[in-house]
There are 2 protein chains.
Amino acid sequence: MNTTDKPLVLVVDDEPAQRALLSYNLKAAGFRVSTANDGEEAMLAIAEDTPDVILLDWMLPRLSGLEACRQIKASAGGRQSAVIMVSARSEEADRVRGLETGADDYIVKPYSVAELIARVKANLRRVRPAAAGAVLEAGDIRLDTESYRVTRAGEALHLGPTEFRLLAALMERQGKVWTREALLDRVWGRDIYIDTRTVDVHVGRLRKALCTHGGADPIRTVRGAGYAMD
Amino acid sequence: MNTTDKPLVLVVDDEPAQRALLSYNLKAAGFRVSTANDGEEAMLAIAEDTPDVILLDWMLPRLSGLEACRQIKASAGGRQSAVIMVSARSEEADRVRGLETGADDYIVKPYSVAELIARVKANLRRVRPAAAGAVLEAGDIRLDTESYRVTRAGEALHLGPTEFRLLAALMERQGKVWTREALLDRVWGRDIYIDTRTVDVHVGRLRKALCTHGGADPIRTVRGAGYAMD
DNA sequence: GGCGCCTGTCACCTTACTGTCACATCCCGG
DNA sequence: CCGGGATGTGACAGTAAGGTGACAGGCGCC
């Protein structure tokens, strides 16, 4: 899963015009976009940087959309992405086959751009709750992923980028314990190799920041396991 | 799938030096390691004790890495392992072919040891999530493996890591009598050398913790056999 | 170039946890 | 009622895990 702030959408379509159109609209909606011509290129793109959402055209050369979907869902990275099949066929049978293959959603041409964006966001929320521009809340702490603002009991807090993403991760799954390794993956990124103790340091900094205006420490340390937010 | 605490990594490489190097580093990182010379030995090793992660060299005698990967993924045990292809070839095409064959990840020589370990851990997390069932219940005791929380009659209890795992083991199979040896295996790990009396001590501590807010002792001592939870 | 902010690492400290021992207690066969 | 093996448990020292201040490098911004 990519860990930058903007969600990444992969567009898989063999028509350049269609790719350009989708790219333009998705970028305008604040997403990063990568493109692929066919199923094989798609697998490459996924290995390169795992997208959050994949828009997959039904009709593809070489590797059909259906088969591409199966492979994506069978791969390590692709399993973490939401796959939306895009098709001109409106038949129910195809829809069923698409979903059976592991597609998460289905959208039929012709569609409005608004509908497309809405679908992407909906799936994004499911796959990566914090990235969809949601406001996360936990107790008296509010974190707005769109405006990058964090408040506690109404008081604004200043966090660095890393602390921000760390807090977002913790709040995304309240109560759940994150191991240091999982946090490194989620906050720092999959291909970054960093000492796990660094997580401790950042948790410490985050704690200090969260308590600047008083209030109890909201982060729970689980000895031998990791950290959790309550 | 093996069930001890230490994950098992199978290294498949025809160069003894390479095997030794990988083994050393993986063991240093806390993994158990088995090795295989080629694809056929790999299949044997998998039948012996299913590894959690398989490091598969691209170039192998007799059975190419690609073909070996296909066979592994087609076998009963191998399907449960994450396969990481290790290759000197950096060509994109190979990467695709590797992933198409069912490899879960791909790493290209030369790679740093840190990267290798990180990859192994990342795949391990995916293959073997901490625990299957999130919440265990027995009587008025609740144990949540995701949030690492234990409550009795609603009251939160504080347990150390070992006590937590011990309780989880007992609750996982209510009524079953665990021998001290089995508990040592399950809670402490397979090849850990510890006095069996230590189990008694921890059971005692666990009992005390479970009864802090009153309530009957839920752990039954079976004289001459071990312990069980009712 | 100077400055300040953010980051990752390290070293040191504190604390909780752990494994073992010694001794008390219990259970059961004889 | 007794002896011996099995279990309960308080004490204790060693250790591993986590908290934290310090520091140097990187980076963007004046």
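This is a predicted model, so every value here is computed, not measured. Proteins come first, then strands; the chains are lettered A, B, ... in the order of their sequence lines, and each starts at number 1.
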Indicate yes or no: at least one non-hydrogen side-chain atom of A:W178 is less than 4.5 angstrom from one of A:M229.
no
Could you tell me which non-hydrogen atom of A:D230 sits nearest to which non-hydrogen atom of A:G175, and how far apart they are?
OD1-CA, 4.0 Å
Using C1' atoms of five pairs at each end, report the bend of the helix from C:dG1-D:dC30 to C:dG30-D:dC1 rounded to 10 degrees.
30°
Is any side-chain heavy atom of B:L167 closer than 4.5 Å to a side-chain heavy atom of B:E163?
no
Please report the interatomic distance CD1(B:I84) to CG(B:L10), rounded to the nearest 0.5 Å.
11.5 Å
NA contact type, B:V222, heavy-atom cut-off 4.0 Å: base, sugar-phosphate, or nothing?
sugar-phosphate
Distance, nearest 0.5 Å, that separates CG of B:L8 from OG of B:S34:
4.5 Å
Separation of D:dC23 atom C1' from A:R197 atom CZ, nearest Å, is 16 Å
Apply ring-ring contact (aromatic ring centres under 6.0 Å, His included) to B:F164 and list each qualifying residue two or more places apart in sequence or on a separate chain.
B:Y148
Rounded distance (nearest 0.5 Å) linking atom CG of B:L56 with atom OG of B:S81
11.5 Å
Please tell me whether B:S147 and A:R173 have a donor and an acceptor in their side chains that are separated by less than 3.5 angstrom.
no
Reported CD1-to-OG1 distance for the pair A:I72 and A:T50, which is rounded to 0.5 angstrom:
11.5 Å
Solution key, residues 21-31 of chain B side-chain donor-acceptor pairs under 3.5 Å, sequence neighbours excluded:
residue: B:S23; atom: OG; partner: B:R19; partner atom: O; Å: 2.9
residue: B:N25; atom: ND2; partner: B:L21; partner atom: O; Å: 3.1

Shortest non-hydrogen pair, A:E41 vs A:A36, comes out as OE1-CA, 3.5 Å
Mind checking A:T221 for me? I need base, sugar-phosphate or nothing, with any heavy atom below 4.0 Å counting as a touch.
sugar-phosphate
Can you list, by residue number, the residues of residues 223-230 of chain A that have a non-hydrogen atom closer than 4.0 angstrom to DNA chain C?
A:R223
Minimum-distance pair of heavy atoms, taken over all atoms of A:L184 and A:I194:
CD1-O, 3.5 Å
Whole-Å distance, A:D195 CG to D:dA17 P, equals 13 Å
Can you give the first and last nucleotides of DNA chain C, 5' to 3', that have an atom under 4.0 Å from a heavy atom of chain A?
C:dC6 to C:dC17
Could you tell me how far apart B:D200 (CG) and D:dG8 (P) are, to the nearest whole angstrom?
6 Å
Can you confirm whether the side chains of B:R165 and B:T145 place a donor and an acceptor under 3.5 Å from each other?
no
Among residues 201-218 of chain B, which ones have heavy-atom contacts with DNA chain C below 4.0 Å?
B:V201, B:H202, B:R205
